[in-house]
Amino acid sequence: MIISMKLHATQEEIAEVKARIEEFGYKVHSIEGEQRVVIGAVGVGDVTACLESLEAMPQVERAVRISAPYKFVSREFRSAKTEIAVGNVVVGGDEFVVMAGPCSVESEKQILESAEIAARAGAKILRGGAFKPRTSPYDFQGLEEEGLKLLDKARRATGLRIITEVMSDRDVALVSEYADILQIGARNMQNFALLKNLGQCGRPILLKRGMSSTIKELLMSAEYVVAHGNPRVILCERGIRTFETATRNTCDITAVAVLNELTHLPVILDPSHATGKRSLVPALARAAVAIGSDGLLVEMHPHPEKAISDGAQSLDPKRFAQMMDDLKPYVELWKRSRLAETATAV
Ligand code: PEP
Ligand code: MN
């Protein structure tokens, strides 16, 4: 249930409503807006009786039953987009945020070069995997903690924030020490033990859509993280598996628009894993801006031909800078419509 308090309800009135909800056996989570407090009631109980009782309280504006099984991440729970601050960068705000870098952290030279190229072209966040989910156990598995230290060096050198993947609940504490954003990869979208662990990690999460997952399942996974105490979740469409073989995955570009309707969480697109081909990345990046994505996660490597992983889909520095330049007029339009949206979504 979601209970919307009347404008300017007092703290006592809010406390009274919370107490009534708890009497019915529900747990209470509230979001305090500038003018209005919205209370979420979760759990199992007599919904009808509870709703009737709450609606009879004068300080309650509206009490509604939520049909979607995800509550905290739904647009019904919060109509304005959630803004997630990562250092001085805000994802979900009025800047289109580009996260770029190699698939894997390979060496000090490679990640420092990548960071400089990313920063120069206007990216705000550096990506790079230190723990890599590889299909073959014989493939490069990542530099692990050494890779995290190199990312930290690159952050100090450039001021970029860093995003890197965590694959296991065992490594959440370690990766949280270094990363500004923890990436949960497609293969782990439904690793529930991992998702629960992210609740208390103190870092924003980038949750990638599983390659065979529905949008609803993605939202349910985000709900796990939020319900366990971490509301800072960014969603990422990265392509799904279909019968099509022309691209590595099939980019469900519509998912960005669908998610923007269903959830207040920021949504970004990964055009690299979605296509598997560097030549297709700039076109898809433009589409992401046009459809209202909050940013991009792009693979870029100083020397893609030498990349240990995902070289074929990684942009080289020149193509990356060109893409960033070409995106500018689209991002200008994006900003205009974003400002118009925020003005109406109060
Ligand atoms: C990655 O970002 O390098 C990655 C492994 O992505 P995904 O989990 O989407 O396959
Ligand atoms: Mn990759």
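Counting starts at 1 for both ligands and their atoms, in listed order.
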request  = Could you tell me whether the side chain of His301 reaches within less than 4.5 Å of the side chain of Cys103, counting heavy atoms only?
outcome  = no
key: Distance-only polar pair, side chains of Thr82 and Arg78, donor-acceptor under 3.5 Å   = yes
inquiry  = When you compare ligand 1 with Ala186, is there at least one nitrogen or oxygen pair between them that comes in under 3.5 angstrom?
reply    = yes
query = Would you say the side chains of Gln313 and Asp310 form a donor-acceptor pair under 3.5 Å?
reply = yes
request  = State, yes or no, whether a side-chain contact exists between Arg241 and Asn249 at a heavy-atom distance under 4.5 Å.
outcome  = yes
query = So, is Arg238 polar-close to ligand 1, with some N/O to N/O distance under 3.5 Å?
reply = yes
ask   = Can you give the angle His273 NE2 - the Mn ion (ligand 2) - Cys103 SG, rounded to 10°?
value = 170°
message = What I want to know is whether Arg187 and ligand 1 share at least one N or O pair that is separated by under 3.5 angstrom.
response = yes
key: Student check: side-chain heavy atoms of Glu145 and Leu174 closer than 4.5 Å   = yes
query = Considering only heavy atoms of Lys208, which atoms of ligand 1 have at least one such atom less than 4.0 Å away?
reply = 1 (C), 2 (O), 4 (C), 6 (O), 7 (P), 8 (O), 9 (O)
message = Taking a cutoff of less than 4.0 Å between a non-hydrogen atom of the residue and any ligand atom, is Arg209 in contact with ligand 1?
response = no
ask   = Nearest to the Mn ion (ligand 2), which N, O or S atom of Glu299 do we find?
value = OE2
ask   = Backbone, side chain, both or neither: what part of Met211 comes under 4.0 angstrom of ligand 1, heavy atoms only?
value = neither
inquiry  = Below 3.5 Å, N or O to N or O, backbone or side chain included: is there any such pair between Asp310 and ligand 1?
reply    = no
request  = Identify, by name, the N, O or S atom of Asp310 lying closest to the Mn ion (ligand 2).
outcome  = OD2
key: Trp334 and Phe96 aromatic ring geometry - parallel, tilted or perpendicular at 30°/60° bounds   = perpendicular
request  = Report the nearest protein non-hydrogen atom to atom 4 (C) of ligand 1: residue, atom name, distance rounded to 0.1 Å.
outcome  = His273 NE2, 3.4 Å
task = Answer yes or no: is there a side-chain heavy-atom contact under 4.5 Å between Tyr70 and Lys216?
result = yes
query = Do any heavy atoms of Gly129 fall under 4.0 Å from ligand 1?
reply = no
inquiry  = Could you check whether any side-chain N or O of Asp180 sits under 3.5 Å from a backbone N or O of Ile163, counting only pairs where one atom can act as donor and the other as acceptor?
reply    = no
